[in-house]
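Reviewing the structure listed below.
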2 protein chains.
Amino acid sequence: MLKLFNATPSGNCYKVRLILAHLGVPYDTVEIDVTSSEPRPPELLAHNPLGKVPVLIFDDGRGMAESNSILWHFGRGTPYLPDDEDDRTEVLRWLFFEQNIHESTIAVNRFLISYLDRADHFADVIAFNHRRGVGALDTMERHLSEHEFFVGGCYSIADIAFYAYTHVADEGGFELGSRPAIQCWLDRVRAQPGHVTMSGDAP
Amino acid sequence: MLKLFNATPSGNCYKVRLILAHLGVPYDTVEIDVTSSEPRPPELLAHNPLGKVPVLIFDDGRGMAESNSILWHFGRGTPYLPDDEDDRTEVLRWLFFEQNIHESTIAVNRFLISYLDRADHFADVIAFNHRRGVGALDTMERHLSEHEFFVGGCYSIADIAFYAYTHVADEGGFELGSRPAIQCWLDRVRAQPGHVTMSGDAP
(Lines give C-alpha, C1' and ligand atoms only; values in the text may rest on other atoms or scores of the structure.)
Protein backbone atom coordinates (compact mmCIF):
# COMPACT_ATOMS: atom_id res chain seq x y z
CA MET A 1 0.00 0.00 0.00
CA LEU A 2 1.27 3.50 -0.83
CA LYS A 3 1.90 5.77 2.13
CA LEU A 4 1.40 9.49 1.71
CA PHE A 5 2.93 11.97 4.14
CA ASN A 6 0.05 14.38 3.87
CA ALA A 7 -1.30 17.68 5.13
CA THR A 8 -4.98 17.92 4.29
CA PRO A 9 -5.05 21.74 3.83
CA SER A 10 -1.96 21.68 1.59
CA GLY A 11 -2.71 22.19 -2.09
CA ASN A 12 0.48 20.34 -3.00
CA CYS A 13 -0.77 17.28 -1.09
CA TYR A 14 -4.25 17.71 -2.56
CA LYS A 15 -2.76 17.35 -6.07
CA VAL A 16 -1.54 13.87 -5.13
CA ARG A 17 -4.83 12.88 -3.49
CA LEU A 18 -6.71 14.11 -6.58
CA ILE A 19 -4.72 12.12 -9.18
CA LEU A 20 -4.89 9.01 -6.97
CA ALA A 21 -8.66 9.48 -6.63
CA HIS A 22 -9.05 9.80 -10.41
CA LEU A 23 -7.04 6.63 -10.91
CA GLY A 24 -8.69 4.71 -8.06
CA VAL A 25 -5.35 3.99 -6.40
CA PRO A 26 -5.65 3.27 -2.65
CA TYR A 27 -3.18 4.73 -0.15
CA ASP A 28 -2.63 5.31 3.55
CA THR A 29 -1.89 8.74 4.94
CA VAL A 30 0.32 10.07 7.72
CA GLU A 31 -0.97 13.52 8.63
CA ILE A 32 1.63 16.25 9.23
CA ASP A 33 0.78 19.55 10.91
CA VAL A 34 2.62 22.02 8.70
CA THR A 35 2.03 24.87 11.16
CA SER A 36 3.91 22.96 13.86
CA SER A 37 7.64 23.33 14.43
CA GLU A 38 7.85 19.83 15.90
CA PRO A 39 10.42 17.53 14.29
CA ARG A 40 9.16 15.71 11.23
CA PRO A 41 9.21 11.87 11.12
CA PRO A 42 12.64 10.51 10.10
CA GLU A 43 11.15 8.64 7.14
CA LEU A 44 9.79 11.91 5.75
CA LEU A 45 13.09 13.73 6.34
CA ALA A 46 15.00 10.93 4.60
CA HIS A 47 13.18 11.73 1.38
CA ASN A 48 12.84 15.48 1.85
CA PRO A 49 15.37 17.05 4.24
CA LEU A 50 13.23 20.20 4.46
CA GLY A 51 10.39 18.10 5.87
CA LYS A 52 7.95 19.37 3.24
CA VAL A 53 4.94 17.38 2.17
CA PRO A 54 3.81 15.58 0.09
CA VAL A 55 6.21 12.68 0.15
CA LEU A 56 4.94 9.38 -1.18
CA ILE A 57 6.46 6.09 0.01
CA PHE A 58 6.17 3.05 -2.27
CA ASP A 59 5.91 -0.59 -1.18
CA ASP A 60 9.61 -1.13 -1.76
CA GLY A 61 10.56 1.80 0.48
CA ARG A 62 11.40 4.21 -2.32
CA GLY A 63 10.18 7.73 -1.72
CA MET A 64 9.03 10.45 -4.08
CA ALA A 65 8.98 14.18 -3.32
CA GLU A 66 7.61 17.23 -5.18
CA SER A 67 3.90 17.24 -5.97
CA ASN A 68 4.27 17.91 -9.69
CA SER A 69 6.76 15.11 -10.27
CA ILE A 70 4.37 12.78 -8.44
CA LEU A 71 1.62 13.95 -10.82
CA TRP A 72 3.95 13.20 -13.75
CA HIS A 73 4.73 9.72 -12.41
CA PHE A 74 1.09 8.73 -12.04
CA GLY A 75 -0.03 10.57 -15.16
CA ARG A 76 2.16 8.61 -17.56
CA GLY A 77 0.17 6.08 -19.56
CA THR A 78 -3.18 7.53 -18.48
CA PRO A 79 -5.53 10.10 -20.05
CA TYR A 80 -4.19 12.66 -17.55
CA LEU A 81 -0.89 13.11 -19.42
CA PRO A 82 -0.84 13.29 -23.22
CA ASP A 83 1.45 10.92 -25.14
CA ASP A 84 2.51 13.53 -27.69
CA GLU A 85 5.94 14.90 -26.78
CA ASP A 86 5.11 18.49 -27.76
CA ASP A 87 1.98 18.36 -25.62
CA ARG A 88 4.05 16.94 -22.76
CA THR A 89 6.54 19.80 -23.03
CA GLU A 90 3.57 22.17 -22.88
CA VAL A 91 2.27 20.37 -19.76
CA LEU A 92 5.71 20.86 -18.22
CA ARG A 93 5.73 24.53 -19.19
CA TRP A 94 2.61 25.05 -17.11
CA LEU A 95 3.78 22.83 -14.24
CA PHE A 96 7.01 24.86 -13.94
CA PHE A 97 5.06 28.10 -14.16
CA GLU A 98 2.79 26.85 -11.38
CA GLN A 99 5.66 26.03 -9.06
CA ASN A 100 7.63 29.17 -9.84
CA ILE A 101 5.12 32.00 -9.70
CA HIS A 102 1.72 30.56 -8.70
CA GLU A 103 2.48 28.26 -5.78
CA SER A 104 5.35 30.38 -4.45
CA THR A 105 3.05 33.41 -4.17
CA ILE A 106 -0.59 32.28 -3.79
CA ALA A 107 0.15 29.26 -1.58
CA VAL A 108 2.70 31.17 0.50
CA ASN A 109 0.32 34.09 1.11
CA ARG A 110 -2.50 31.68 1.94
CA PHE A 111 -0.22 30.01 4.50
CA LEU A 112 0.92 33.29 6.07
CA ILE A 113 -2.58 34.79 6.19
CA SER A 114 -4.94 31.90 6.86
CA TYR A 115 -2.79 29.27 8.58
CA LEU A 116 -0.04 31.13 10.46
CA ASP A 117 -2.33 34.16 11.01
CA ARG A 118 0.72 36.44 10.58
CA ALA A 119 -0.60 38.87 7.94
CA ASP A 120 0.57 41.93 9.88
CA HIS A 121 4.04 40.61 10.57
CA PHE A 122 4.61 39.60 6.94
CA ALA A 123 2.81 42.57 5.31
CA ASP A 124 5.70 43.47 2.96
CA VAL A 125 6.24 39.86 1.90
CA ILE A 126 2.52 39.40 1.27
CA ALA A 127 2.36 42.59 -0.82
CA PHE A 128 5.37 41.50 -2.89
CA ASN A 129 3.92 38.02 -3.45
CA HIS A 130 0.50 39.48 -4.22
CA ARG A 131 1.76 41.43 -7.23
CA ARG A 132 3.45 38.33 -8.63
CA GLY A 133 0.45 36.10 -7.88
CA VAL A 134 -1.90 38.50 -9.68
CA GLY A 135 0.36 38.15 -12.72
CA ALA A 136 0.01 34.39 -12.51
CA LEU A 137 -3.79 34.61 -12.31
CA ASP A 138 -3.86 37.10 -15.21
CA THR A 139 -1.87 34.63 -17.30
CA MET A 140 -4.28 31.82 -16.40
CA GLU A 141 -7.32 33.98 -17.18
CA ARG A 142 -5.95 34.91 -20.59
CA HIS A 143 -5.12 31.30 -21.46
CA LEU A 144 -8.39 29.87 -20.18
CA SER A 145 -10.45 32.49 -22.02
CA GLU A 146 -9.26 30.74 -25.23
CA HIS A 147 -8.81 27.15 -24.04
CA GLU A 148 -11.09 24.75 -22.21
CA PHE A 149 -8.17 23.18 -20.36
CA PHE A 150 -4.46 24.03 -20.17
CA VAL A 151 -3.10 21.64 -22.81
CA GLY A 152 -4.55 19.95 -25.86
CA GLY A 153 -8.20 20.55 -25.04
CA CYS A 154 -8.21 17.85 -22.36
CA TYR A 155 -8.12 17.76 -18.57
CA SER A 156 -4.58 16.85 -17.55
CA ILE A 157 -2.16 16.98 -14.64
CA ALA A 158 -1.56 20.64 -15.58
CA ASP A 159 -5.17 21.39 -14.60
CA ILE A 160 -4.83 19.36 -11.41
CA ALA A 161 -1.71 21.33 -10.46
CA PHE A 162 -3.35 24.72 -10.99
CA TYR A 163 -6.66 23.75 -9.41
CA ALA A 164 -5.04 22.93 -6.07
CA TYR A 165 -4.27 26.49 -4.98
CA THR A 166 -6.47 28.45 -7.40
CA HIS A 167 -9.74 27.18 -5.92
CA VAL A 168 -8.65 28.45 -2.48
CA ALA A 169 -6.85 31.59 -3.69
CA ASP A 170 -9.27 33.74 -1.68
CA GLU A 171 -7.62 32.37 1.49
CA GLY A 172 -4.43 34.07 0.27
CA GLY A 173 -6.18 37.36 -0.44
CA PHE A 174 -6.65 36.82 -4.19
CA GLU A 175 -9.96 37.69 -5.83
CA LEU A 176 -11.36 35.54 -8.62
CA GLY A 177 -14.56 37.57 -9.07
CA SER A 178 -13.21 39.46 -12.06
CA ARG A 179 -11.89 36.33 -13.72
CA PRO A 180 -14.80 34.51 -15.39
CA ALA A 181 -12.63 32.19 -17.47
CA ILE A 182 -10.93 30.84 -14.35
CA GLN A 183 -14.30 30.43 -12.62
CA CYS A 184 -15.78 28.42 -15.52
CA TRP A 185 -12.61 26.29 -15.67
CA LEU A 186 -12.87 25.59 -11.90
CA ASP A 187 -16.38 24.25 -12.57
CA ARG A 188 -15.10 22.08 -15.42
CA VAL A 189 -12.40 20.63 -13.16
CA ARG A 190 -14.96 19.89 -10.40
CA ALA A 191 -17.12 18.06 -12.97
CA GLN A 192 -14.38 15.56 -13.86
CA PRO A 193 -15.18 11.89 -13.05
CA GLY A 194 -13.65 10.89 -9.72
CA HIS A 195 -13.15 14.44 -8.47
CA VAL A 196 -12.82 14.78 -4.72
CA THR A 197 -12.71 17.99 -2.70
CA MET A 198 -9.76 19.14 -0.66
CA SER A 199 -11.36 17.68 2.48
CA GLY A 200 -11.85 14.37 0.70
CA ASP A 201 -15.56 14.45 -0.03
CA ALA A 202 -17.21 13.80 -3.35
CA PRO A 203 -18.16 17.18 -4.87
CA MET B 1 17.40 29.69 -37.11
CA LEU B 2 16.15 29.65 -33.53
CA LYS B 3 15.51 33.05 -31.97
CA LEU B 4 16.01 33.46 -28.23
CA PHE B 5 14.48 36.37 -26.35
CA ASN B 6 17.37 36.64 -23.94
CA ALA B 7 18.72 38.61 -21.00
CA THR B 8 22.41 37.82 -20.58
CA PRO B 9 22.48 38.22 -16.75
CA SER B 10 19.37 36.00 -16.32
CA GLY B 11 20.13 32.54 -15.02
CA ASN B 12 16.95 31.23 -16.62
CA CYS B 13 18.17 32.43 -20.03
CA TYR B 14 21.66 31.09 -19.30
CA LYS B 15 20.19 27.60 -18.86
CA VAL B 16 18.96 27.75 -22.46
CA ARG B 17 22.25 29.13 -23.78
CA LEU B 18 24.12 26.38 -21.92
CA ILE B 19 22.13 23.41 -23.28
CA LEU B 20 22.30 24.88 -26.80
CA ALA B 21 26.08 25.32 -26.43
CA HIS B 22 26.47 21.70 -25.27
CA LEU B 23 24.45 20.53 -28.26
CA GLY B 24 26.11 22.88 -30.75
CA VAL B 25 22.75 24.33 -31.81
CA PRO B 26 23.07 27.83 -33.34
CA TYR B 27 20.59 30.59 -32.48
CA ASP B 28 20.06 34.33 -32.71
CA THR B 29 19.30 36.45 -29.66
CA VAL B 30 17.09 39.45 -29.00
CA GLU B 31 18.38 41.09 -25.82
CA ILE B 32 15.79 42.27 -23.30
CA ASP B 33 16.64 44.64 -20.44
CA VAL B 34 14.80 43.02 -17.53
CA THR B 35 15.39 46.04 -15.29
CA SER B 36 13.49 48.28 -17.74
CA SER B 37 9.76 48.90 -17.49
CA GLU B 38 9.54 49.58 -21.25
CA PRO B 39 6.97 47.48 -23.12
CA ARG B 40 8.25 44.09 -24.24
CA PRO B 41 8.19 43.15 -27.96
CA PRO B 42 4.76 41.86 -29.07
CA GLU B 43 6.26 38.55 -30.26
CA LEU B 44 7.61 37.93 -26.77
CA LEU B 45 4.33 38.89 -25.12
CA ALA B 46 2.41 36.60 -27.47
CA HIS B 47 4.23 33.61 -25.97
CA ASN B 48 4.58 34.91 -22.42
CA PRO B 49 2.05 37.58 -21.42
CA LEU B 50 4.17 38.50 -18.38
CA GLY B 51 7.03 39.41 -20.75
CA LYS B 52 9.44 37.12 -18.94
CA VAL B 53 12.47 35.63 -20.65
CA PRO B 54 13.61 33.22 -21.92
CA VAL B 55 11.20 32.63 -24.77
CA LEU B 56 12.48 30.60 -27.70
CA ILE B 57 10.96 31.04 -31.18
CA PHE B 58 11.26 28.17 -33.64
CA ASP B 59 11.51 28.43 -37.43
CA ASP B 60 7.81 27.74 -37.84
CA GLY B 61 6.84 30.56 -35.47
CA ARG B 62 6.03 28.36 -32.52
CA GLY B 63 7.24 29.73 -29.20
CA MET B 64 8.37 28.01 -26.02
CA ALA B 65 8.44 29.58 -22.55
CA GLU B 66 9.82 28.45 -19.18
CA SER B 67 13.51 27.66 -18.99
CA ASN B 68 13.14 24.19 -17.53
CA SER B 69 10.64 23.00 -20.14
CA ILE B 70 13.05 24.28 -22.82
CA LEU B 71 15.79 22.21 -21.14
CA TRP B 72 13.47 19.20 -21.24
CA HIS B 73 12.68 19.73 -24.93
CA PHE B 74 16.32 19.87 -25.98
CA GLY B 75 17.46 17.24 -23.50
CA ARG B 76 15.26 14.47 -24.88
CA GLY B 77 17.25 11.96 -26.91
CA THR B 78 20.60 13.32 -25.72
CA PRO B 79 22.96 12.36 -22.88
CA TYR B 80 21.60 15.36 -20.94
CA LEU B 81 18.29 13.63 -20.10
CA PRO B 82 18.25 9.96 -19.07
CA ASP B 83 15.95 7.58 -20.96
CA ASP B 84 14.89 5.65 -17.86
CA GLU B 85 11.48 6.84 -16.72
CA ASP B 86 12.30 6.67 -13.00
CA ASP B 87 15.43 8.74 -13.59
CA ARG B 88 13.35 11.21 -15.60
CA THR B 89 10.88 11.57 -12.75
CA GLU B 90 13.86 12.25 -10.49
CA VAL B 91 15.14 14.90 -12.91
CA LEU B 92 11.71 16.50 -12.78
CA ARG B 93 11.68 16.35 -9.00
CA TRP B 94 14.81 18.52 -8.95
CA LEU B 95 13.62 20.82 -11.73
CA PHE B 96 10.41 21.56 -9.81
CA PHE B 97 12.35 22.07 -6.60
CA GLU B 98 14.63 24.50 -8.44
CA GLN B 99 11.75 26.58 -9.74
CA ASN B 100 9.80 26.49 -6.51
CA ILE B 101 12.28 27.26 -3.78
CA HIS B 102 15.69 27.93 -5.39
CA GLU B 103 14.94 30.27 -8.30
CA SER B 104 12.07 32.02 -6.52
CA THR B 105 14.36 32.95 -3.62
CA ILE B 106 18.01 33.09 -4.80
CA ALA B 107 17.26 34.58 -8.22
CA VAL B 108 14.71 37.03 -6.82
CA ASN B 109 17.10 38.25 -4.11
CA ARG B 110 19.92 38.56 -6.64
CA PHE B 111 17.64 40.67 -8.82
CA LEU B 112 16.49 42.93 -5.97
CA ILE B 113 20.00 43.38 -4.52
CA SER B 114 22.36 43.38 -7.50
CA TYR B 115 20.22 44.49 -10.44
CA LEU B 116 17.46 46.73 -9.04
CA ASP B 117 19.76 47.92 -6.21
CA ARG B 118 16.72 48.00 -3.87
CA ALA B 119 18.02 45.95 -0.93
CA ASP B 120 16.85 48.51 1.64
CA HIS B 121 13.37 48.91 0.19
CA PHE B 122 12.81 45.14 0.00
CA ALA B 123 14.61 44.20 3.24
CA ASP B 124 11.71 42.12 4.63
CA VAL B 125 11.17 40.28 1.35
CA ILE B 126 14.89 39.57 1.05
CA ALA B 127 15.05 38.23 4.62
CA PHE B 128 12.04 35.98 4.00
CA ASN B 129 13.49 34.66 0.73
CA HIS B 130 16.91 34.24 2.31
CA ARG B 131 15.64 31.73 4.87
CA ARG B 132 13.96 29.68 2.14
CA GLY B 133 16.97 29.93 -0.16
CA VAL B 134 19.30 28.69 2.57
CA GLY B 135 17.05 25.66 2.91
CA ALA B 136 17.40 25.04 -0.84
CA LEU B 137 21.20 25.28 -0.66
CA ASP B 138 21.27 23.00 2.40
CA THR B 139 19.27 20.42 0.45
CA MET B 140 21.69 20.67 -2.49
CA GLU B 141 24.73 20.39 -0.20
CA ARG B 142 23.36 17.27 1.45
CA HIS B 143 22.52 15.62 -1.88
CA LEU B 144 25.81 16.56 -3.56
CA SER B 145 27.86 15.32 -0.60
CA GLU B 146 26.65 11.84 -1.60
CA HIS B 147 26.20 12.19 -5.36
CA GLU B 148 28.51 13.46 -8.10
CA PHE B 149 25.57 14.92 -10.04
CA PHE B 150 21.88 15.29 -9.25
CA VAL B 151 20.51 12.19 -11.01
CA GLY B 152 21.95 8.84 -12.01
CA GLY B 153 25.61 9.78 -11.59
CA CYS B 154 25.63 11.80 -14.81
CA TYR B 155 25.54 15.48 -15.73
CA SER B 156 21.99 16.28 -16.84
CA ILE B 157 19.58 19.15 -17.35
CA ALA B 158 18.99 19.04 -13.57
CA ASP B 159 22.60 20.14 -13.05
CA ILE B 160 22.25 22.82 -15.72
CA ALA B 161 19.12 24.18 -14.02
CA PHE B 162 20.76 24.41 -10.58
CA TYR B 163 24.07 25.74 -11.88
CA ALA B 164 22.46 28.82 -13.43
CA TYR B 165 21.69 30.65 -10.18
CA THR B 166 23.89 28.72 -7.75
CA HIS B 167 27.17 29.89 -9.30
CA VAL B 168 26.07 33.53 -8.83
CA ALA B 169 24.27 33.02 -5.51
CA ASP B 170 26.69 35.46 -3.84
CA GLU B 171 25.04 38.26 -5.87
CA GLY B 172 21.84 37.43 -3.95
CA GLY B 173 23.59 37.46 -0.58
CA PHE B 174 24.06 33.69 -0.28
CA GLU B 175 27.40 32.30 0.93
CA LEU B 176 28.78 29.08 -0.55
CA GLY B 177 32.00 29.09 1.52
CA SER B 178 30.64 26.60 4.02
CA ARG B 179 29.31 24.29 1.33
CA PRO B 180 32.21 22.24 -0.05
CA ALA B 181 30.04 19.71 -1.89
CA ILE B 182 28.35 22.47 -3.88
CA GLN B 183 31.71 24.06 -4.68
CA CYS B 184 33.19 20.80 -5.99
CA TRP B 185 30.03 20.20 -8.04
CA LEU B 186 30.28 23.70 -9.54
CA ASP B 187 33.79 22.77 -10.70
CA ARG B 188 32.51 19.51 -12.19
CA VAL B 189 29.82 21.39 -14.11
CA ARG B 190 32.36 23.91 -15.44
CA ALA B 191 34.53 21.01 -16.65
CA GLN B 192 31.79 19.60 -18.90
CA PRO B 193 32.58 19.59 -22.65
CA GLY B 194 31.07 22.61 -24.37
CA HIS B 195 30.56 24.61 -21.17
CA VAL B 196 30.22 28.34 -21.67
CA THR B 197 30.12 31.01 -18.98
CA MET B 198 27.17 33.25 -18.31
CA SER B 199 28.77 35.99 -20.42
CA GLY B 200 29.25 33.54 -23.25
CA ASP B 201 32.96 32.82 -23.02
CA ALA B 202 34.61 29.43 -22.91
CA PRO B 203 35.57 28.72 -19.29
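This is a predicted model, so every value here is computed, not measured. Proteins come first, then strands; the chains are lettered A, B, ... in the order of their sequence lines, and each starts at number 1.
A donor-acceptor contact closer than 3.5 angstrom links the side chains of B/T35 and B/D33. Remark: the A/S104 side chain and the A/Q99 side chain contain no N/O donor-acceptor pair separated by less than 3.5 Å. Between the side chains of A/H22 and A/Y155, at least one donor N or O sits under 3.5 Å from an acceptor N or O.
With a 4.5 Å cut-off on non-hydrogen atoms, A/L95 touches chain B through its backbone and its side chain both. Proximity to chain B (any heavy atom under 4.5 Å) is restricted, for A/D86, to the side chain, taken from C-beta onward. When heavy atoms are compared at a cutoff of 4.5 Å, A/L71 does not approach chain B at all. Looking at B/V91, there are no atoms closer than 4.5 Å to chain A (heavy atoms on both sides), in backbone or side chain. Interface remark: A/R142 contributes side-chain atoms only to the contact with chain B (heavy atom separation under 4.5 Å).
Ranked by heavy-atom pairs shorter than 4.5 Å toward chain A, the options B/E103, B/R62, B/H73, B/E90 are led by B/E103. Ranked by non-hydrogen atom pairs under 4.5 Å with chain B, the options A/R132, A/R76, A/M64 are led by A/R76. In terms of heavy-atom pairs under 4.5 angstrom with chain B, the leader among A/V108, A/N100, A/T105 is A/N100.
Of the candidates A/V53, A/V55, A/L18, A/V53 is the only one forming a side-chain contact (heavy atoms from CB on, under 4.5 Å) with A/C13.
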Applying side chain to side chain contact (heavy atoms under 4.5 Å, CB included) to B/Y80 and B/L23, what does each step give before you reach the verdict?
CA-CA 9 Å; B/Y80 303 106; B/L23 297 173; 3.7 Å; yes

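Checked for salt-bridge contact, B/E66 and B/K52 miss the test: no charged N lies under 4.0 Å from a carboxylate O. Using a cut-off of 4.0 Å between Lys/Arg side-chain N and Asp/Glu carboxylate O, A/K15 and A/E98 are scored as salt-bridged.
A pairwise comparison of heavy atoms in A/P54 and A/L4 identifies CB-CD1, 3.8 Å as the closest pair.
Taking the six-membered ring where tryptophan is involved, the planes of A/W94 and A/F97 are perpendicular, since the angle between them exceeds 60° and thus also 30°.
A cation-pi arrangement is not found for A/R93 relative to B/W72, the charged atom failing to lie both closer than 6.0 Å to the ring centre and inside a 45° cone about the ring normal.
Among the residues in residues 162-192 of chain A, none has a non-hydrogen atom closer than 4.5 angstrom to a non-hydrogen atom of chain B.
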